[in-house]
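Fair warning: this is a prediction, and the values are worked out from it, not measured in the lab. Each ligand, and each atom within it, is numbered from 1 in the order the structure gives. The first residue of the sequence shown is numbered 1, and numbering continues consecutively from there.
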Amino acid sequence: MPYSRHILWIEDSDNSIIISDNVTIEGAHIAVTGKGKKVTIGNDCMISYDVTFRTGDSHAIIQNGKKINDEKDIELSEHIWTGQGVTILKGVHIASNSIVGNGSLVTHDIESNTLNVGFPSHVIKNNINWSRQRFL
Ligand SMILES: CC(C)(COP(=O)(O)OP(=O)(O)OC[C@H]1O[C@@H](n2cnc3c(N)ncnc32)[C@H](O)[C@@H]1OP(=O)(O)O)[C@@H](O)C(=O)NCCC(=O)NCCS
């Protein structure tokens with residue numbers, strides 16, 4: 001039985017979640033915070049379960065009297081695979097054909113055709129791609 005719990009959390013005004021064609025999501029918490037901010041998930045992305053997207057932190061961090069944690073859009077290009085338990089934070093762009101491994105925290109952009117893991121994530125393999133086909 002596939003796991004399929006989704007929470008779409010629009011916290012502020014003019015927020016949007018754009019999900020393109022052929023995207024599959026087993027279970028995601030997509031929190032869009034910050035005025036006018038958006039999460040875009042490109043064509044043919046494969047999102048596993050317990051995957052979190054946050055365009056902001058929902059509460060301000062103040063340093064020397066100023067807010068330092070501005071909200072920023074999240075964008076997944078085409079054909080990205082995020083494993084179970086991945087968290088993608090504000091401002092991240094993941095370029096096409098890349099993979100993020102289980103439990104990883106993504107705080108910076110990811111280049112195309114790379115395999116990334118860790119907390120925060122880092123590249124462990126280059127020149128990779130992936131397929132929904134199982135090649136049994
Ligand atoms: C911890 C947090 C608030 C910090 O935000 P911030 O001060 O804007 O941090 P930045 O995005 O500027 O990141 C600063 C550095 O910390 C790292 N970092 C950020 N969050 C991290 C986390 N949770 N664990 C480990 N490292 C983290 C980043 O990779 C970056 O590293 P670098 O300096 O080597 O490039 C934020 O990253 C976070 O975890 N947000 C989620 C908040 C949440 O869950 N809210 C839900 C409602 S209560």
- Does a donor on one side chain sit under 3.5 Å from an acceptor on the other, for His93 and Asp109? no
- Message: Could you identify the single nearest non-hydrogen protein atom to atom 5 (O) of ligand 1 and state the distance to 0.1 Å?
- Response: Lys90 NZ, 3.2 Å
- Message: Testing the basics here: between His59 and Asn69, what is the closest heavy-atom pair and its distance to 0.1 Å?
- Response: O-ND2, 2.9 Å
- Task: Mark whether atom 35 (O) of ligand 1 lies under 4.0 angstrom from at least one protein heavy atom.
- Result: yes
- By number and element, which atoms of ligand 1 are closer than 4.0 Å to a non-hydrogen atom of Thr107? 19 (C), 28 (C), 29 (O)
- Message: Could you report the tightest heavy-atom contact between Ile88 and Ile74, atom names first, then the distance?
- Response: O-CD1, 3.5 Å
- Distance flag for atom 7 (O) of ligand 1, protein heavy atom under 4.0 Å: yes
- In terms of its nearest heavy atom to atom 41 (C) of ligand 1, the top option of Asp57, Thr52, Asp70 is Asp57
- Task: Please check atom 23 (N) of ligand 1 for a protein heavy-atom neighbour under 4.0 Å.
- Result: yes
- Could you tell me whether atom 15 (C) of ligand 1 has at least one protein heavy atom nearer than 4.0 Å? no
- For atom 12 (O) of ligand 1, state whether the nearest protein heavy atom is under 4.0 Å away. no
- Note, Ile47 side chain near Cys45 side chain (heavy atom, < 4.5 Å): yes
- Item | Option whose closest heavy atom lies nearest to atom 37 (O) of ligand 1, chosen from Thr87, Leu105, Leu89, Ile68 | Leu89
- Message: To check you understand the geometry: which heavy-atom pair defines the closest contact between Lys35 and Asp12, and what is its length?
- Response: N-CB, 4.1 Å
- Item | Gly91, Pro120, Gly56, Ala60: member with heavy atom nearest to atom 26 (N) of ligand 1 | Pro120
- Note on the structure: Looking at Thr33, Asn69, Ile61, the heavy atom closest to atom 4 (C) of ligand 1 belongs to Ile61
- Query: What heavy-atom pair brings Asn126 and Thr114 nearest, and what distance separates the two atoms?
  - Reply: OD1-CG2, 3.4 Å
- Item | Where ligand 1 meets His59 - atom numbers and elements under 4.0 angstrom, heavy-atom basis | 48 (S)
- Message: Any salt bridge linking Asp57 with Lys90? Criterion: basic side-chain nitrogen under 4.0 Å from a carboxylate oxygen.
- Response: yes
- Task: Give a yes or no on whether atom 1 (C) of ligand 1 lies under 4.0 Å from any heavy atom of the protein.
- Result: no
- Task: Identify, by atom number and element, the atoms of ligand 1 in contact range of Phe119, meaning under 4.0 Å from any of its heavy atoms.
- Result: 24 (N)
- Query: Is it true that the side chains of Glu11 and Ser58 contain a donor and an acceptor less than 3.5 Å apart?
  - Reply: yes
- Numbered in order shown, the ligand 1 atoms found under 4.0 Å of a heavy atom of His108 are 29 (O), 30 (C), 31 (O), 32 (P), 35 (O)
- Are the side chains of Trp130 and Leu115 in touch, meaning some heavy atoms are under 4.5 Å apart? no
- Task: Would you tell me whether Asn43 and Asp21 have side-chain atoms, one donor and one acceptor, within less than 3.5 Å of each other?
- Result: no
- Please indicate, with yes or no, if any protein heavy atom is found under 4.0 Å from atom 48 (S) of ligand 1? yes
